Amino acid sequence: MGDGPNECNIKVICRVRPLNQSEERAGSKFVLKFPTDDSISIGGKVFMYDKVLKPNVTQEHVYTVTAKPIVSDVLSGYNGTIFAYGQTSSGKTHTMEGVLGDETMQGIIPRIIQDIFNYIYGMDENLEFHIKVSYFEIYMDKIRDLLDVTKTNLSVHEDKNRVPYVKGCTERFVSSPEEVMEVIDEGKANRHVAVTNMNEHSSRSHSVFLIHVKQENVDSEKKLHGKLYLVDLAGSEKVSKTGAEGSVLDEAKNINKSLSALGNVIAALAEGNKSHVPYRDSKLTRILQESLGGNARTTMVICCSPASYNETETKSTLLFGQRAKTIKNVVTVNEELTAEEWKRRYEKEKEKNNKLKLIILKLEAELQSWRAGTVVPLEDQVDVKTAALEGEQPKEGGLPAPGLTMATSFVGLAGGGTSAISEAERQQLEQEKMQLYQQLDDKDEEINNQAQLIEKLKEQMLEQEDLIAQSRRDYETVQAEMSRIQQDNESAKEEVKEVLQALEELAMNYDQKSQEVDNKNQDIETLSEELSQKMTKLNGLQAELEQLRDTSLHQKKRVADMMVSLLKDLGDIGGIIGGSAAENKPNPGAGEKLEEEFTVARLYISKMKSEVKTLSTRAQTLESQHAENSQKLSTTENELSDCKLKIQQYEAKMATLAETIKDVEHKKRQLEESVDSLNEECAQLKAQQSMATAAAEKEKETSNKLQSEIEIKETLERQMMAHREQHQKQLSALREEIADKQAMIDQLKDTNQKLTLAMEKTQGDLDKLKAEDAEKTAKLSELSTQMSRREQAKQDLKGLEETVAKELQTLHNLRKLFVQDLQNRVKKSASKNDEEEEDAGGNTAQKQKISFLENNLEQLTKVHKQLVRDNADLRCELPKLEKRLRATMDRVKSLESALKEAKEGAMRDRKRYQMEVDRIKEAVRQRNLARRGHAAQIAKPIRPGQHPGSGSTQGTGIRGGGSVAANGPAIIKPESQA
């Protein structure tokens, strides 16, 4: 392909899908006809395209016709675009994507991706490629990034060359078709689709998949880059047919609007009106600006429905394609030239300029002569096309032809020479003639002698030819025998190769098994460490439960004593109150005051009873929890003992496996020694074969050594028979060894499966222990909440004590006032003894009331003192409980830290395992690349902050800030790049 710009029309392919089930049920007819391979007719009107694809064509044929030529163009530095246009449910997405993952039904995009990488793998190894992809959709006239759904309204900008691009779109670097398909799957999951009356999966947006390929020649530093746009347009819709409503109707309006803008752009380009092309009417036409009338090789696939139900839309689509076929694009190579290339082009243009200057000077001279009035002859006129080469051609009017002078001189000599010959000269000529005749006779005789000699030699040659034919036949028989021997030798070599391959497979299986055994040993060690940690944790929890049991028993005893004393005091108070009520009837005023005081005391006592009940229930719950914990501890101890037994069994099995591995190594060495001996025998056979060939060559010269060849042949046959028998024996022994190794491998697989099952069981036990640990932490949190409630109850009790003390102080003051009042009354009544003798019984009644009140006050003071003592005891217990709470909190923190460390260790193990898997993948990939041989390279730049080994593969060399894999592509995979 040339480097200069050239014009090319947009390539238009028409594809017709078959009738679907709904159209067949509705009775629609097939209204399209195909007069030729590049024409289609509907309603008597014929439309011409580059190619017309009938309904029965395969997806592979569609790709071959439509997209296959663009792959080489993109890798040669050109831009390319493929997009599908048509009404809804006409097969656009099926054409562009197809069924991803299906070899026969996949569409253009997956096939073109595979083809691009196949082209790269077959190109020069001095080329280095950078491939990045983008995937976005135009939904509701807004550009939405399908690889980052947070980017919902991207804008279109122009670069320094006035080429439109989507600013801020995510770009993923890729190095294999699988990575590109992963990107497509990720983006396709985020694309907008909806259900309509015409299609169950109707695309509600225009999707654009961009592949940007940059290549650099490492030797010449020449750089090329090409962009390939793969566009799946949404279909035009009629609301009456699709039944769209709501948000689907708004989507249909925006789709039709953008497609009408695309039609306006194509109409303007088809009419040749390049002064104003409405690219900016929609974001779709803005993105496709280079594809329509710009620098790109564009292929448009117009998809049509053949049903009579969609005849109007099909005609519109065909007219659209016919109009687009007239558009011309100016295509140039996107290259970055080196300094040497610019210098070479400068020298070329300079030389061309000098030639043009020379032509101009000649033309000016001719013009001056014409202006002077002299007529320039035709042969002196300057031809512009050949004037540059005129100086290199010889001028006319030179020397005469040498042939002419020689001919004339010869004629001059022969003109009159015969008349000047004398008689002496004639005699001399006769003598010379006779001498010549004599010489001729001598030569004839010599020729006869030579002919007779030739006849004899011919007879000898015939005899020699017979002998040679005989020897050739013998040689052919010997050669056939030697070829047979060589075939036997080759078959023996093949068998030895098979044995070597079997040995290599055994060695690889042995390495894998040894690696698996090491992994199992590490897993068992980690499990044993975790079990020991869990045992220590369980012992600590058991000690804490013992402490909690002791505290709960002590609290229960104290609560019981308090309950007994309180019940006793309440009984005494009730007895005293009941007795005094039976004997005396106090005045109503004093009785009401006493009742109020007693109701207050009863309220306080009922509160105390409720607190005591809550304490007793808490103690019972603590006892039940302790019983459950002890039962769980016993079950875990049993499980731990079972695990220890299993671990011992596994250790014994591992010892036996190690012994079997040693035996396998010993047998492997024996097999290697036998293979070496076989190689030596093969070398001896080759030497004997070379000797036989040398002897055969010598025997060709003479026919007397045929007997020796027969003897050598017989000896070789005997030796080959002996070697063959020995080789058969060794092969049978090797096959028996291989069968034994296979049986041993099967046994190792069984044991490995048993070990994996046991490991799963131990893992389940470990999960159970973790669940129990979580339950214990939950119980500890409940205990902490109970302690907080106890603190709150303590504060309430303190307030209750303060109110009781205040009330008792008021009662004491009232008692003093009441006693003083009684004393004053007694003094007044003592002076009036005679007058008020009838009131003597009243004084005794008052004394009894006073004694009753004093007794009640004494009882209340006792109750108050008891409450104070109980409060002091609770305050003494409070530091101990706080200390235990702190200990439990520390224990919880230690358990949390241990759990965190275990999680971190698991994450480290997972990372180490992932790194090992990546290393194995890289080794396998490098081996595959080595098998593929020399191919182009795909570079992998390492981004700032990216670990070199964090990708799925890792290159072996770094060039220009990236790693390059040896003999193959390396991976380009930063997360995202704006």
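Only a predicted model underlies this, so the values are computations on that prediction, with no experimental measurement involved. Below, all heavy atoms of this structure are taken into account, side chains as well, without hydrogens, waters or symmetry copies.
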Visitor: List for me each residue that meets salt bridge (charged side-chain N to carboxylate O under 4.0 Å, His left out) alongside Arg908, sequence neighbours excluded, and say none if there are none.
Guide: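 For Arg908 there are no salt bridge (charged side-chain N to carboxylate O under 4.0 Å, His left out) partners, ignoring immediate neighbours.
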Visitor: Would Arg891 and Lys537 count as a side-chain contact (heavy atoms from CB on, under 4.5 Å) here? Give the steps.
Guide: CA-CA 9 Å; Arg891 181 64 179 166; Lys537 290 178 183 178; 3.5 Å; yes
Visitor: With rounding to the nearest 0.5 angstrom, report the CG to NZ distance, Leu545 to Lys776.
Guide: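 These two atoms lie 7.0 Å from each other.
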Visitor: Pick from Thr170, Thr150, Asn153, Asn190: which one makes a side chain to side chain donor-acceptor pair (under 3.5 Å) with Asp145?
Guide: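 Going through the options one by one, the only one that passes is Thr170.
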Visitor: Looking at side-chain heavy atoms only, is the closest gap between Leu100 and Lys188 below 4.5 Å?
Guide: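 Yes; the side chains approach each other to less than 4.5 Å.
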Visitor: Other residues, nucleotides and ligands only: do more than 12 of their heavy atoms fall within 6.0 Å of CD on Gln747?
Guide: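 No - once you tally the heavy atoms of other residues, nucleotides and ligands closer than 6.0 Å, there are 12 at most.
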Visitor: Could you give me the CA-CA distance, side-chain angles and deciding distance for Glu186 and Arg172, then say whether salt bridge (Lys or Arg N to Asp or Glu O under 4.0 Å) is met?
Guide: CA-CA 12 Å; Glu186 180 182 352; Arg172 296 276 180 89; 3.2 Å; yes
Visitor: Quick one: pull up OG in Ser176 and CZ in Phe117 and give me the separation to the nearest 0.5 Å.
Guide: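 CZ of Phe117 is found 6.0 Å from OG of Ser176.
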Visitor: Give me the atom names and distance for the closest heavy-atom approach of Gly187 to Tyr135.
Guide: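 Shortest heavy-atom contact: CA-CD2, 3.6 Å.
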Visitor: What closest approach, in Å, do Ile661 and Tyr510 show between heavy atoms, and which atom pair accounts for it?
Guide: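 Closest heavy-atom pair between Ile661 and Tyr510: CG2-CE1, 2.5 Å.
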Visitor: Give the intermediate values and the outcome of side-chain contact (heavy atoms from CB on, under 4.5 Å) for residues Lys167 and Leu154.
Guide: CA-CA 6 Å; Lys167 186 177 181 181; Leu154 301 176; over 6 Å; no
Visitor: Does the Lys151 side chain pair with the main chain of Gly168, one donor and one acceptor, at a distance under 3.5 Å?
Guide: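 Flag set: sc Lys151 to bb Gly168 pair under 3.5 Å.
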Visitor: Check the pair Ile120 / Ile131 against side-chain contact (heavy atoms from CB on, under 4.5 Å), numbers first and verdict last.
Guide: CA-CA 11 Å; Ile120 291 174; Ile131 304 172; 3.5 Å; yes
Visitor: Check Val664 against Met744 and note the closest heavy-atom contact, atom names and distance.
Guide: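 Closest approach of Val664 to Met744: CG2-SD, 3.2 Å.
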Visitor: Is the shortest heavy-atom distance from the side chain of Asp550 to the side chain of His554 under 4.5 Å?
Guide: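 A side-chain contact under 4.5 Å is absent here.
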Visitor: CE of Met915 to CD of Glu922: how many Å apart, nearest 0.5 Å?
Guide: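 Going from CE on Met915 over to CD on Glu922, the span is 13.0 Å.
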Visitor: How many angstroms lie between atom CD1 of Ile113 and atom CD1 of Ile184, to the nearest 0.5 angstrom?
Guide: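 With rounding to 0.5 Å, CD1 (Ile113) is 3.5 Å from CD1 (Ile184).
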Visitor: Any side-chain to backbone donor/acceptor pair from Glu179 onto Ser175? Under 3.5 Å, distance only.
Guide: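 Indeed, once roles are kept as given, a pair shorter than 3.5 Å links the two residues.
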Visitor: Can you tell me how far the CG atom of Leu538 sits from the CG atom of Leu531, to the nearest 0.5 Å?
Guide: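 Separation between the atoms: 10.0 Å.
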Visitor: For the residue pair Gln106 and Gly101, what are the closest heavy atoms and their distance?
Guide: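 Looking at all heavy atoms of both residues, the shortest contact is OE1-N, 4.4 Å.
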Visitor: Give the ring-plane orientation class for His157 versus Tyr165, where under 30° counts as parallel, over 60° as perpendicular and anything between as tilted.
Guide: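 It falls in the tilted class, 30° to 60°.
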Visitor: Distance check, rounded to the nearest 0.5 Å: Glu505 atom CD versus Gln742 atom CD?
Guide: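 Taking CD in Glu505 and CD in Gln742, the distance rounds to 9.0 Å.
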Visitor: Considering all heavy atoms of both residues, which atom of Glu128 and which atom of His130 are nearest to each other, and what is their separation?
Guide: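 Scanning both residues completely, I find the closest heavy atoms to be OE2-NE2, 3.7 Å.
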Visitor: Got a sec, which residues hit side chain to side chain donor-acceptor pair (under 3.5 Å) with Asp185, two or more places apart in sequence or on another chain?
Guide: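 For Asp185, no residue satisfies side chain to side chain donor-acceptor pair (under 3.5 Å) once neighbours in sequence are set aside.
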Visitor: Would you call Lys520-Asp523 a salt bridge at under 4.0 Å N-O?
Guide: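 Between Asp523 and Lys520 there is no salt bridge, as every charged N stays at least 4.0 Å from the carboxylate O atoms.
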Visitor: Is the shortest side-chain heavy-atom distance between Leu210 and Lys227 below 4.5 Å?
Guide: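 They are in contact (side-chain heavy atoms under 4.5 Å apart), so the answer is yes.
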Visitor: How about Lys632: does its NZ atom have over 12 heavy atoms from other parts shown lying under 6.0 Å from it?
Guide: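 Above 12, so yes.
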Visitor: Less than 3.5 Å apart, which donor and acceptor atoms pair up between the side chains of residues 897-904 and the rest of the protein, not counting sequence neighbours?
Guide:
{"residue": "Ser897", "atom": "OG", "partner": "Lys893", "partner atom": "O", "Å": "3.3"}
{"residue": "Ser897", "atom": "OG", "partner": "Ser894", "partner atom": "O", "Å": "2.6"}

